[in-house]
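In listed order, ligands and their atoms are each counted from 1.
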Amino acid sequence: MSGKQKTPKYIFVTGGVTSSLGKGIIASSLAKLLQARGLSVTIQKLDPYLNVDPGTLNPYEHGECYVTDDGAETDLDLGHYERFLNVRTSQINNVTTGRIYYNVLNKERKGEFLGKTVQVIPHITDEIKRNILDLGETGKYDIIITEIGGCVGDIESLPFLESVRQLKWDLGEHNMLTIHLTLIPYLTSAGELKTKPTQHSVKQLQEAGLQPDILVCRTEHSLPIDLKRKIALFCNVDVRSVIEAKDARTIYDVPLLMEKEKLDQRVLYMLDIYNDREADLGEWKRFLGRLKNPVAQVEIGLIGKYVELKDAYKSIIESFIHAGAENECKVRIKWIHSENLSPENIQEKLDGLDGVLVAPGFGERGIEGKISAVRYVRENNIPFFGICLGMQMAVIEFARNVLGLENAHSTEMEPDTDHPVIDLMESQQSVSIKGGTMRLGAYECALKEGSLAKRIYQRNSISERHRHRWEFNNTFREDFEKNGIVISGTNTENNLVEIIELQNHPFFLGVQFHPELKSTVLEPHPIFVHFVKAAMEYASNKV
Ligand code: GLN
């Protein structure tokens, strides 16, 4: 790529009728198609809630908190953007109403608006526009797709829509367009697809001063051309701008479905971008081929305390999809609530599994269940993978049951424990504010020669993302190492333990970081790939 600064064009994606229509997947799929034609694309998410970032939200509220290399705690849609595009995002790719107000109010306190009444228009809208245009200022992108969270009609999203309306004038014709994602419900009793909710939702957008340029219509059934014409007529768009988005078998099919519907061509035409390249989706299609034609199958137990809401573990699920496809193996996930596990029922609950993953998390709930699970897989040679809190649980289990340190614990759950094998990081001891203060983002980690980790990564040094306050307590290090634990990854700057593994076990690995945040379709994460491999081996040895 040349070093020439690019002048980007902007695409805004809004949603109507209901939430959860998959704006993130549509935005990612369009971005993928444009990228496959050689354009440089990024995606940004604007979230209408008042939290400054989702870092302080319970996963039950909005699912997983996705962390970027630069340590931003962001919406899980950024995970989709990275997984589809294989391009890293950062803080600027996710902005909430809370952050917008926070910035404006800080400026007001500094006296930057001295003498002026600070108002939603123009001060809040200016701040929103600045956050959108700043991405363009980087000069790195041909196209910036900005997804606006929530639904049109929500009070909260009005300033965002108003900002997009203003940008139409700031940016000029052919430099931006708006895609509205909507739902065409099927009424079984009438045997009909219904367009009225879409008409109403477009009207609401129009009331906010925005005319959508393209409508992407989620539907369970194909949209006949007559229906497309009707939608076009009532919603004031060209019939070629009515795009069908039929339910797909996997989210990774959506780029191909959008290509078939010519969404990318339509966008290029309307943005006045000349590009006659065929989208190069070869690798993507090969991934889909492997995903859909597995030759093996394994069942992995995922032990966590938010299992009722699968979105809380979104990146882990997707990492298993990537790693499964890489191994041509279908990975079935058995969701296991850690609160339902005890030493008495552990054998029955984990029976038949080919591998166990103990998930990240915070706080006391379900902890003993996780520890019981680690003990069972350690003693029974079942492949084990612990992430963040999962790694910490493996340390506690080993301390209690192998080193004989009775009631060893993490000071997160038991501040007065006699054996604090997991302790608060020194850098965290003076921290009292919750938002954005964990150890966040990418840090380097050196791998130990001859270790499983080294075999997996095939490198001496790696960089992975973090989100934690507690760490392995190095005062216990010798005791662990003498008794069979290998410290195979450490941060060389502060000696922080990043990876532990167990000698004489087919696959037992705990990591303090979050590898799931870096797995993409084109680059499945090596730990997940090898964990699935180990589970396949375990499964084949069973029979
Ligand atoms: N609660 C643990 C800590 O803060 C683990 C965090 C996590 O699993 N992300 O260290």
Side-chain angles (χ1 to χ4, degrees), residues 53-69 71-74 76 79 302-307 309 311-317 319 338-339 356-371 373-374 384-397 399 408-415 417 420-443 445 464-474 476 489-491 494 496-500 509-518 525 527:
D53 60 44
T56 52
L57 289 173
N58 184 320
Y60 285 129
E61 296 274 322
H62 279 275
E64 159 190 285
C65 173
Y66 188 80
V67 180
T68 54
D69 274 340
E73 296 181 285
T74 72
L76 58 71
L302 195 156
I303 302 180
K305 68 169 174 177
Y306 308 111
V307 294
L309 183 75
D311 270 0
Y313 302 109
K314 194 75 200 161
S315 293
I316 294 179
I317 303 172
S319 299
S338 48
E339 271 190 308
V356 165
L357 184 144
V358 177
F362 295 84
E364 203 172 5
R365 193 163 65 93
I367 284 298
E368 292 302 324
K370 289 185 172 176
I371 295 173
V374 179
F384 164 76
F385 183 12
I387 299 182
C388 208
L389 184 72
M391 173 264 201
Q392 297 175 355
M393 292 305 109
V395 169
I396 294 169
E397 189 279 322
H409 223 311
S410 161
T411 53
E412 178 179 3
M413 293 88 196
E414 190 69 63
T417 173
V421 287
I422 301 293
D423 205 1
L424 193 62
M425 281 182 279
E426 209 187 316
S427 55
Q428 288 288 323
Q429 279 164 12
S430 55
V431 171
S432 57
I433 288 177
K434 289 270 184 277
T437 56
M438 283 190 244
R439 177 172 181 248
L440 292 166
Y443 287 92
C445 161
E464 293 281 3
R465 299 181 192 171
H466 300 73
R467 184 170 188 251
H468 65 123
R469 296 188 200 278
W470 276 264
E471 64 173 334
F472 179 90
N473 184 344
N474 271 318
F476 293 88
T490 34
N491 180 304
N494 53 12
L496 188 142
V497 171
E498 295 278 17
I499 312 178
I500 60 144
L509 198 77
V511 295
Q512 186 57 76
F513 48 81
H514 290 267
E516 73 277 19
L517 303 177
K518 281 182 75 172
H525 196 285
I527 301 187

Atom pairs, nitrogen or oxygen, ligand 1 to protein, under 3.5 angstrom:
residue: ligand 1; atom: 1 (N); partner: Gly361; partner atom: O; Å: 3.0
residue: ligand 1; atom: 1 (N); partner: Glu412; partner atom: OE1; Å: 2.8
residue: ligand 1; atom: 1 (N); partner: Glu412; partner atom: OE2; Å: 3.1
residue: ligand 1; atom: 4 (O); partner: Arg469; partner atom: N; Å: 3.0
residue: ligand 1; atom: 8 (O); partner: Gly361; partner atom: N; Å: 2.9
residue: ligand 1; atom: 8 (O); partner: Gly361; partner atom: O; Å: 3.3
residue: ligand 1; atom: 8 (O); partner: Leu389; partner atom: N; Å: 3.0
residue: ligand 1; atom: 9 (N); partner: Arg467; partner atom: O; Å: 3.0
residue: ligand 1; atom: 9 (N); partner: His514; partner atom: NE2; Å: 3.3
residue: ligand 1; atom: 10 (O); partner: Gln392; partner atom: NE2; Å: 3.1
residue: ligand 1; atom: 10 (O); partner: Arg469; partner atom: N; Å: 3.2
residue: ligand 1; atom: 10 (O); partner: Trp470; partner atom: N; Å: 2.9

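Salt bridge absent: Lys305 and Glu339 never bring a charged side-chain N and a carboxylate O closer than 4.0 Å.
Checking each of Glu73, Arg467, Arg465 against Tyr66 for a side chain to side chain donor-acceptor pair (under 3.5 Å) leaves exactly one that passes, namely Arg465.
With sequence neighbours excluded, the residues that form a ring-ring contact (aromatic ring centres under 6.0 Å, His included) with Phe472 are Phe480.
Side chains of His468 and Glu412: no donor on one and acceptor on the other come within 3.5 Å. Residues Thr437 and Arg469 have side chains that bring a donor and an acceptor to within less than 3.5 angstrom of each other.
Tyr306 and Tyr313 have tilted rings, their planes meeting at an angle from 30° to 60° on a 0 to 90° scale.
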